[in-house]
Amino acid sequence: MERKRWYKDMVFYQIWPRSFKDGNGDGMGDLWGVLEKLDYIKSLGCDGIWFSPIYPSPGADCGYDIADYMDIAPEFGGMEAFKKVLDGVHERGMKLVMDLVVNHTSDEHEWFQKSRKRIEPYTDYYIWRPAKPNGKLPNNWDSNFEGKAWTFDEERGEYYLHLFAVKQPDLNMDNPLVREEVKKILRFWLDMGVDGFREDVITYISKAEGLPDDHLFPIYKGMPKYNHGPHIHEYLAEFKRDVFDHYDCFTLAEAPLVWPKQALKYIDEEKGQLDMMIQFQCQCADCLFTDYIPMKFSLVRMKKAFSDWQYKLSGRAWNMLYLENHDHPRIISRYGSEKFREESGKTLAVSYLFQQGTPFLYQGQEIGMLNWKPEDAEMYEDVQTRYNYAHSNLNKSKEERLHKMWRSSRDSARTPMQWDSTENAGFTTGKPWFYVNPNYTEINVAAQEENPDSLLNFYRKAIKLRKSLESVRFGNYKEYYRLNSKLYVYSRESENEKILAVCSFSEKEEKIKIPSGFDIAKAELILCNYSEPGEKLLPYESRVYLWKK
Ligand code: NOJ
């Protein structure tokens with residue numbers, strides 16, 4: 001089937017279901033709640049929804065530990081609610097994308113339960129190894145969440161590999177039967193009408209032959225031996241050939257530690273096996289590879305990440321554009337300024353919405369939700385946060401360790417969506433499963449609906465503009481003043497028009513810089529986050545100019 005690549009014209013909204021909207025009053029976000037909010041999502045100008053996992057799961061990693069791939073968890077409303085949401089999405093001319101998590105399952109998945117008992121054909125569904133003769137672990141790999149990547153299973157008498165939590169055993173993708181299972185899952189949802197998949201850590205599914213030792217600190221010393229493994233392209237091509245090529249759908253690959261050159265091996269429009277890629281470079285302007293090693297925010301680093309992907313993918317592959325998701329703290333608290341929340345939120349919006357690619361918004365980003373800052377580390381829910389807190393910086397004070405978590409924890413962006421200023425932010429009428437950020441009385445959707453100049457309405461305006469401009473869809477990207485640490489200036493140019501985006505990341509007034517060849521006197525100012533733009537740029541001011549040719 002010929003690929004239509006409709007995703008190129010879309011803007012997606014990511015829902016992290018348990019914190020989005022509770023429709024039945026049990027305190028947990030669910031699909032009934034989503035159903036109530038479909039018009040809201042559409043009103044933003046978003047025409048696609050990506051759901052973080054909604055399958056049955058014990059919840060060791062908030063649903064990224066799946067116990068049944070072909071059902072919807074009862075707490076989210078089961079299949080009945082899902083079908084209603086799917087219909088509701090399609091009736092509105094929107095698309096729905098599921099999260100495909102097949103690097104690992106939950107240890108409560110039937111396959112794992114049978115595998116640990118060596119019941120065929122499941123014996124080799126996972127990566128099992130005996131201890132080494134000297135009693136050592138099968139290799140030195142670290143998991144991403146909870147210490148070493150190997151846990152001993154008494155029942156089977158062997159170690160299993162888990163690159164994430166102990167309750168997330170890695171599947172053995174080298175086993176053709178496992179790949180057939182993946183295809184069954186894909187067909188199941190595609191046949192139901194789902195429009196595509198976001199593929200969780202998909203570059204991890206092929207591990208190095210023989211599982212050799214890694215560098216001790218893989219993150220600093222090179223690529224972990226389980227990323228971009230020897231059969232990765234072969235397996236992805238197999239999924240494409242046997243499944244995706246037969247449906248009008250798209251695929252979005254999550255890929256930690258990937259740079260554009262390598263990304264092209266996956267997403268080149270001629271030769272790739274996938275459509276778009278979630279890269280992490282744009283998340284590293286204030287940290288070293290991970291949020292757990294924070295650094296001072298550098299606009300130059302942010303710009304470099306943006307431009308690298310814009311230039312290097314140009315004409316060959318399509319960018320996925322994002323600032324936030326459920327794995328990173330809130331962007332205003334990181335790259336913007338909590339003091340200039342509205343202004344910096346708008347500048348951040350302009351800094352990515354006019355690039356080439358398909359933008360994604362994460363729930364709450366559109367109203368400028370900020371990092372959650374609990375007063376006690378015990379309040380954290382996330383497995384990665386809890387492990388990190390318990391095992392790092394033990395020589396520092398409790399307060400310092402807690403403050404570090406505010407900046408690093410995924411829970412900083414997982415608090416319930418702030419719908420209004422009533423109790424629990426209008427998220428639930430019951431007892432919320434998780435803490436609501438106390439700033440909801442001030443930051444919420446209802447308040448911003450009423451204000452034409454709110455961040456929420458700015459997002460609407462910017463998205464509408466983006467969709468109306470051919471230069472944003474097709475035009476060339478160019479960055480100016482690369483080393484300027486206060487301004488991000490970029491243009492997009494197509495046959496009939498060009499635009500220039502000027503974004504200040506400064507808390508002070510800044511002199512505006514316009515590249516030569518752009519005659520401001522002849523331009524139309526089509527977007528600005530201040531009502532009366534003057535000679536200088538005000539704090540976090542951003543402007544978009546348009547020239548028609
Ligand atoms: C990436 C997901 O986005 C994250 O939330 C999850 O914890 C890991 N993969 C493991 O599935």
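In each ligand, atom 1 is the first atom listed, and ligand 1 is the first ligand listed.
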Completion exercise
closest protein heavy atom to atom 7 (O) of ligand 1 is D61 OD2, 2.5 Å

Practice task
Assign the ring pair Y55 / Y69 to parallel, tilted or perpendicular, where the plane angle (0 to 90°) is split at 30° and 60°.
Solution key: tilted

Exercise for the section: Answer side chain, backbone, both or neither: which part of E199 comes under 4.0 Å from ligand 1, heavy atoms only. Expected result: neither

Exercise for the section: State whether F434 and R18 meet the cation-pi test: NZ (Lys) or CZ (Arg) under 6.0 Å from the six-membered ring centroid, and within 45° of the perpendicular axis. Expected result: no

Problem - Residue part near ligand 1, for Q384, under 4.0 Å between non-hydrogen atoms - result: neither

Exercise for the section: Do me a favour and list the nearest non-hydrogen protein atom to atom 2 (C) of ligand 1 with residue, atom name and distance? Expected result: D200 OD1, 3.0 Å

Practice task
Please identify which atoms of ligand 1 are closer than 4.0 Å to at least one heavy atom of F145.
Solution key: 7 (O)

Practice task
Can you sort out which atoms of ligand 1 are near H104, meaning under 4.0 Å from one of its heavy atoms?
Solution key: 10 (C), 11 (O)

Exercise for the section: Return the residue, atom name and 0.1 Å-rounded distance of the protein heavy atom closest to atom 5 (O) of ligand 1. Expected result: D327 OD1, 2.7 Å

Practice task
Kindly confirm or rule out a cation-pi arrangement of K8 over W318, judged by NZ or CZ under 6.0 Å from the six-membered ring centre and within 45° of its axis?
Solution key: yes

Completion exercise
Per ring pair (Phe, Tyr, Trp, His ring centres under 6.0 Å), F112 is matched among Y125, W128, Y122 by W128

Exercise for the section: May I ask you to check if K225 and W141 form a cation-pi contact, with NZ or CZ under 6.0 angstrom from the six-membered ring centre and within 45° of the axis? Expected result: no

Handout entry: Heavy atom of R414, distance to ligand 1 below 4.0 Å
Key = yes

Problem - Subset of ligand 1 atoms that lie under 4.0 Å from at least one heavy atom of E254 - result: 1 (C), 3 (O), 9 (N)

Exercise for the section: State which residues pass salt bridge (charged side-chain N to carboxylate O under 4.0 Å, His left out) with D26; sequence neighbours excluded, sorted by chain then number. Expected result: none

Completion exercise
A student checking ligand 1 against R410 at a 4.0 Å heavy-atom cut-off should list atoms 4 (C), 5 (O), 6 (C), 7 (O)

Handout entry: Partner set under salt bridge (charged side-chain N to carboxylate O under 4.0 Å, His left out) for E75, not counting sequence neighbours
Key = none

